[in-house]
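Just so it is clear: chains get the letters A, B, ... in the order the sequence lines come, proteins before strands, and each one is counted from 1.
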Number of protein chains: 2
Amino acid sequence: MSQLHTIGEAAADSGVSAKMIRHYEKIGLIGAAERTEAGYRLYGPAEIHTLRFIRRARNLGFSVDDIGELLGLWHDEKRASKDVREVAAGHLGALRAKAAEILSMIDALEHLIAGCTNDDRPDCPILKDLSNDANPALAKEVGHKFGYQRVC
Amino acid sequence: MSQLHTIGEAAADSGVSAKMIRHYEKIGLIGAAERTEAGYRLYGPAEIHTLRFIRRARNLGFSVDDIGELLGLWHDEKRASKDVREVAAGHLGALRAKAAEILSMIDALEHLIAGCTNDDRPDCPILKDLSNDANPALAKEVGHKFGYQRVC
DNA sequence: CTTGACCTTCCCATGATGGGAAGCCCTATC
DNA sequence: GATAGGGCTTCCCATCATGGGAAGGTCAAG
């Protein structure tokens with residue numbers, strides 16, 4: 001029994017906050033925890049292992065939905081590695097698209113900032129650019145959902 | 001009068017959706033629009049210019065709060081260019097941090113995927129990694145708020 | 001037996017955006 | 001003149017992952 005932990009201990013051991021553990025239970029990502037007579041949740045090693053899995057997947061940016069799939073595959077002894085790879089590759093694509101979007105913003109912003117005199121005068125290429133109606137400023141559609149993905 | 005437009009036209013002309021125009025008005029980013037007797041919002045060239053400014057700033061990833069500041073500076077003839085630059089530089093820093101976070105995720109994920117056999121066997125380095133308790137998987141804190149920013 | 005740290009549930013907030021309902025307005029067509 | 005449609009209004013809800021906080025129950029140490 002000494003390997004059963006309260007939610008606070010499970011949180012500290014797994015790196016997932018108590019708030020989020022309850023949340024994951026509510027949305028069905030993890031099963032309902034055992035309870036003490038007083039209603040306290042109890043977690044054993046297996047549950048904490050799962051929570052760590054979840055935290056690591058979150059660190060890699062996987063969505064909760066993706067993690068649900070990954071957990072299913074993890075528990076499925078007959079899984080095909082390509083199924084796991086597919087989930088990971090899908091997420092990788094999304095990350096690359098996001099990175100491309102952000103990098104293009106960085107690029108544009110760096111150019112604007114480089115042109116700024118950075119003094120007390122009101123003249124400012126940044127505002128000039130933003131207010132210039134002839135300026136597409138990153139075109140209309142960059143990055144909304146799927147800007148072309150080329151970087152990385 | 002022909003230069004006064006309904007919200008739908010203003011949306012089409014500015015690239016900001018009608019939904020968002022109303023939202024920006026509600027949160028005070030833009031002033032309350034003129035109205036027809038029937039209560040329809042009306043937008044003139046100056047308002048549409050402002051909406052375009054907002055759209056361009058959003059395309060650069062500026063938050064609505066930042067845009068509020070930028071609009072204030074834009075309308076302030078006595079602004080100092082360094083004040084604008086400060087807002088932009090702050091945002092640039094946030095973008096760089098975000099990019100570093102995402103790029104490190106991409107990097108980790110690429111390594112995992114590269115090790116995957118991508119076939120019908122259950123053996124999978126991706127799951128192995130996620131379930132490995134000895135594995136820090138991007139350490140504990142990468143990117144939560146401010147991972148060290150080095151990339152870019 | 002009190003104190004304080006922990007647990008419970010429930011509600012609300014974030015940020016930017018969209019969906020959709022109920023109802024009013026305006027114009028074109030029959 | 002009546003009707004159809006499309007556009008406008010407001011209001012509420014959903015997303016996604018996360019946290020804050022209140023009100024109240026539980027438990028261990030002093």
- Nucleotide D:dG7, atom P - distance to OH of B:Y43 in whole Å: 16 Å
- Query: Under 4.0 Å between a side-chain N or O of A:R41 and OP1 or OP2 of C:dT9?
  - Reply: yes
- Message: Tell me whether B:R96 is salt-bridged to A:E110, with the criterion being a basic N under 4.0 Å from an acidic carboxylate O.
- Response: yes
- Message: Counting neighbours of CG on B:D107 that are heavy atoms of other residues, nucleotides or ligands and sit closer than 6.0 Å, is the number greater than 12?
- Response: yes
- Message: In terms of relative ring orientation, are A:W74 and A:F53 parallel, tilted or perpendicular, with 30° and 60° separating the classes?
- Response: parallel
- What is the distance from NZ of B:K19 to C1' of D:dC13, rounded to the nearest Å? 10 Å
- Task: Please check the phosphate of C:dC6 (OP1 and OP2 only) for any side-chain N or O of A:T6 closer than 4.0 Å.
- Result: no
- Item | First encountered from the 5' end of DNA chain D, between A:S17 and A:A38 | A:S17
- Would you mind classifying the nucleic acid contact of A:R22 as base, sugar-phosphate or nothing, using non-hydrogen atoms under 4.0 angstrom? base
Could you list, one pair per line, each protein nitrogen or oxygen that sits under 3.5 Å from a nitrogen or oxygen of nucleotides 13-16 of chain C, together with the distance?
{"residue": "C:dA16", "atom": "OP1", "partner": "B:V64", "partner atom": "N", "Å": "2.9"}
{"residue": "C:dA16", "atom": "O3'", "partner": "B:R58", "partner atom": "NH2", "Å": "2.9"}

- Message: Using a 4.0 Å heavy-atom cut-off, does B:T36 contact any base of the nucleic acid, only the sugar-phosphate backbone, or nothing at all?
- Response: nothing
- Query: So, are A:E25 and A:R35 salt-bridged, with charged N and O less than 4.0 Å apart?
  - Reply: yes
- In degrees rounded to 10°, what angle is found between the helical axes fit to the five outermost pairs at each end of the helix from C:dC1-D:dG30 to C:dC30-D:dG1? 30°
- Task: Output all residues satisfying side-chain hydrogen bond (donor to acceptor under 3.5 Å, both in side chains) with B:S81, sequence neighbours left out; order by chain, then residue number.
- Result: A:T117, A:D119
- Task: Check the distance between D:dG24's P and A:Y40's OH and give it to me in whole angstrom.
- Result: 16 Å
- Item | Interatomic distance, B:L51 CG vs C:dT17 C1' [rounded to whole Å] | 16 Å
- Spacing between A:E37 atom CD and C:dC7 atom C1', to the nearest angstrom: 15 Å
- Item | Between C1' of D:dC8 and CD of B:E25, the distance in whole Å | 13 Å
- Please state how far atom NZ in B:K98 lies from atom P in D:dA17, giving the value in whole angstrom units. 12 Å
- Would you give the length of the straight line joining atom CZ of A:R22 to atom CD1 of A:I27, rounded to the nearest 0.5 angstrom? 14.5 Å
- Provide, to the nearest angstrom, the distance between the CZ atom belonging to A:R35 and the C1' atom belonging to C:dT9. 10 Å
- Task: With A:I54 as reference, evaluate A:R56, A:R52, A:R58 under the side chain to side chain contact (heavy atoms under 4.5 Å, CB included) test and give the passing residue.
- Result: A:R58
- Just by modelled atom types, is the A:A80 backbone N or O under 3.5 Å from a matching donor or acceptor in the B:R121 side chain? no
- Query: Side chain of B:E69, backbone of B:D66: donor and acceptor closer than 3.5 Å?
  - Reply: no
- Considering only D:dT26, C:dC7, D:dT9, which nucleotide approaches the side chain of B:I7 most closely? D:dT9
